[in-house]
There are 2 protein chains.
Amino acid sequence: YIKLDNVHKRYKMGEVTINALNGVSFGIDKGDFAIVVGPSGAGKTTVLNLLGGMDSLDEGSISVDGKNIAEYNQKMLTEYRRNDIGFVFQFYNLVQNLTAKENVELATQISTNPLDVEHVLEMVGLKDRMNNFPSQLSGGEQQRVAIARALAKNPKLLLCDEPTGALDYMTGKAILKLLQDTCNSTGMTLVVITHNGALTGMGEKIIKMKNGRVSEYKINKNP
Amino acid sequence: YIKLDNVHKRYKMGEVTINALNGVSFGIDKGDFAIVVGPSGAGKTTVLNLLGGMDSLDEGSISVDGKNIAEYNQKMLTEYRRNDIGFVFQFYNLVQNLTAKENVELATQISTNPLDVEHVLEMVGLKDRMNNFPSQLSGGEQQRVAIARALAKNPKLLLCDEPTGALDYMTGKAILKLLQDTCNSTGMTLVVITHNGALTGMGEKIIKMKNGRVSEYKINKNP
Ligand SMILES: Nc1ncnc2c1ncn2[C@@H]1O[C@H](COP(=O)(O)OP(=O)(O)OP(=O)(O)O)[C@@H](O)[C@H]1O
Ligand SMILES: Nc1ncnc2c1ncn2[C@@H]1O[C@H](COP(=O)(O)OP(=O)(O)OP(=O)(O)O)[C@@H](O)[C@H]1O
Ligand SMILES: [Mg+2]
Ligand SMILES: [Mg+2]
């Protein structure tokens with residue numbers, strides 16, 4: 001369903017070239033819960049940004065549902081991001097002058113088959129805070145708004161960049177269970193970057209990255 | 001050295017009042033490594049902001065080194081923040097159009113006895129990236145710039161809001177060891193918010209928070 005083949009991404013900074021991705025290849029099946037782990041700077045966010053159609057690669061190919069998205073033009077990428085992808089950003093990217101509820105509504109307005117906004121906010125534990133602005137919320141509360149926003153889109157492919165980074169153990173575990181349950185019940189494909197090694201047992205595919213490459217690839221038959 | 005006594009902090013939002021802190025009391029000795037843990041929304045960041053002189057309380061007192069900082073006027077608070085405090089923010093707060101090195105230098109220009117800027121950046125593993133801007137750095141690299149900036153000030157009191165939230169296990173552990181070593185060698189007092197329960201063994205004081213209160217307080221004789 002998802003296939004990265006020898007993907008390279010380079011950043012030129014004067015005389016220095018950073019090889020953010022240096023030949024990344026892996027596959028993910030439809031409906032999988034895939035987990036991406038690795039040290040800081042390994043290239044995890046770069047992989048997710050490419051999968052989400054938010055950045056372009058320098059070499060290689062990325063096919064999603066049979067189509068090489070690396071060959072999409074701007075218009076096709078915009079459609080892809082809007083219709084097929086839900087994205088939880090490492091830095092949340094919430095709209096500061098919209099409330100939590102309005103942030104989630106904004107994302108669902110362009111969705112073909114969105115979930116109920118208030119229900120999703122309740123599922124992430126923010127029922128009483130949905131009328132607050134991001135600046136009135138704690139770090140973990142803001143992260144949960146970002147998660148609700150992506151979930152509510154009801155996308156084919158949900159991409160989460162460290163979705164529990166600001167959450168305590170119990171809240172984080174509940175969030176991952178919510179994501180996993182949604183993945184199992186709706187057939188959604190889920191890719192999660194996490195540095196919480198304790199969670200790798202939950203996924204069908206474990207992709208370990210290091211220095212812009214895949215260092216290890218595990219298939220888990222019984223998550 | 002640090003004493004919070006029945007501290008209250010309230011946010012009024014229309015008819016609703018949020019009791020961010022609902023009677024918080026605890027003490028920390030000079031040179032301690034204190035760890036604050038608790039669920040998302042418990043009030044941890046609010047406590048740190050008050051300790052750092054960046055916010056004001058509604059009830060109670062906070063004494064640091066014998067002085068009630070809750071009674072400081074604006075000028076005294078500015079001096080306190082500038083000279084005595086190093087702060088690692090939950091959202092980093094880096095200056096986007098200054099490089100990593102310039103961000104750290106900016107903080108040390110107003111310090112009485114700063115550490116060497118390049119040396120501190122090397123200690124957090126960013127020797128090769130110090131001339132990059134925050135937007136050219138991964139999440140964990142940006143977090144490490146924020147840590148270097150606070151450390152380089154060589155403050156009496158170092159306050160860190162989830163300093164390893166975006167770091168993988170190995171990098172995070174190295175960073176906490178660096179903070180602990182600095183605390184032990186310089187006599188600095190260190191307060192760290194973390195939701196990584198595995199790390200609580202490292203501190204002399206463990207302060208567990210829940211719903212705006214201290215739910216548990218442990219003294220660890222042998223960290
Ligand atoms: N715009 C950019 N310009 C230059 N280098 C960049 C840029 N964006 C990312 N990089 C570099 O590419 C490498 C991979 O970055 P990436 O953000 O993918 O890492 P990551 O695995 O997500 O790390 P973290 O766990 O710290 O978030 C890093 O060395 C980073 O500094
Ligand atoms: N400006 C504000 N206006 C209204 N409520 C606020 C404001 N700032 C914080 N709060 C609320 O106060 C409570 C405590 O917030 P705080 O940021 O201290 O939590 P925290 O323990 O740091 O949580 P996290 O682990 O999620 O970062 C939360 O319920 C939060 O929503
Ligand atoms: Mg990242
Ligand atoms: Mg916080």
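The sequence lines fix the lettering, A, B, ..., with proteins before strands; numbering per chain opens at 1.
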Please flag which part of [X] lies under 4.5 Å from any non-hydrogen atom of chain A: side chain, backbone, both or neither.
| X | answer |
| --- | --- |
| B/E141 | both |
| B/D161 | neither |
| B/Q136 | side chain |
| B/M13 | side chain |
| B/T194 | neither |

Using heavy-atom distances under 4.5 Å, tell me whether [X] contacts chain B through its side chain, its backbone, both, or neither.
| X | value |
| --- | --- |
| A/Q90 | side chain |
| A/L137 | neither |
| A/D128 | neither |

Exercise. Under 4.5 Å, counting heavy-atom pairs only, tell me which of B/M170, B/R144, B/E162 racks up the most with chain A.
Key: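 So the answer, after comparing B/M170, B/R144, B/E162, is B/R144.
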Practice problem: Look at B/T45, B/L167, B/N132 and state which one has the largest set of heavy-atom pairs under 4.5 Å with chain A. | Solution: B/L167
Would you find more than 12 non-hydrogen atoms of other residues, nucleotides or ligands less than 6.0 Å from [X] atom [atom1]?
| X | atom1 | answer |
| --- | --- | --- |
| A/Q74 | CD | no |
| A/D181 | CG | yes |
| A/Y169 | OH | no |
| A/R82 | CZ | no |

Quiz item: When only pairs under 4.5 Å are counted, which of A/A42, A/G172, A/G41, A/G43 shares the most heavy-atom pairs with chain B?
Solution: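 Most heavy-atom pairs under 4.5 Å with chain B: A/G41.
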Quiz prompt | chain B contacts, top residue of A/I18, A/T164, A/V16 (heavy-atom pairs, under 4.5 Å) | solution = A/I18
Quiz prompt | B/H195 versus A/D168, closest heavy-atom pair with distance | solution = CB-CA, 3.5 Å
Exercise. Quick one: pull up OG in B/S40 and CD in A/Q142 and give me the separation to the nearest 0.5 Å.
Key: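 That separation rounds to 10.0 Å.
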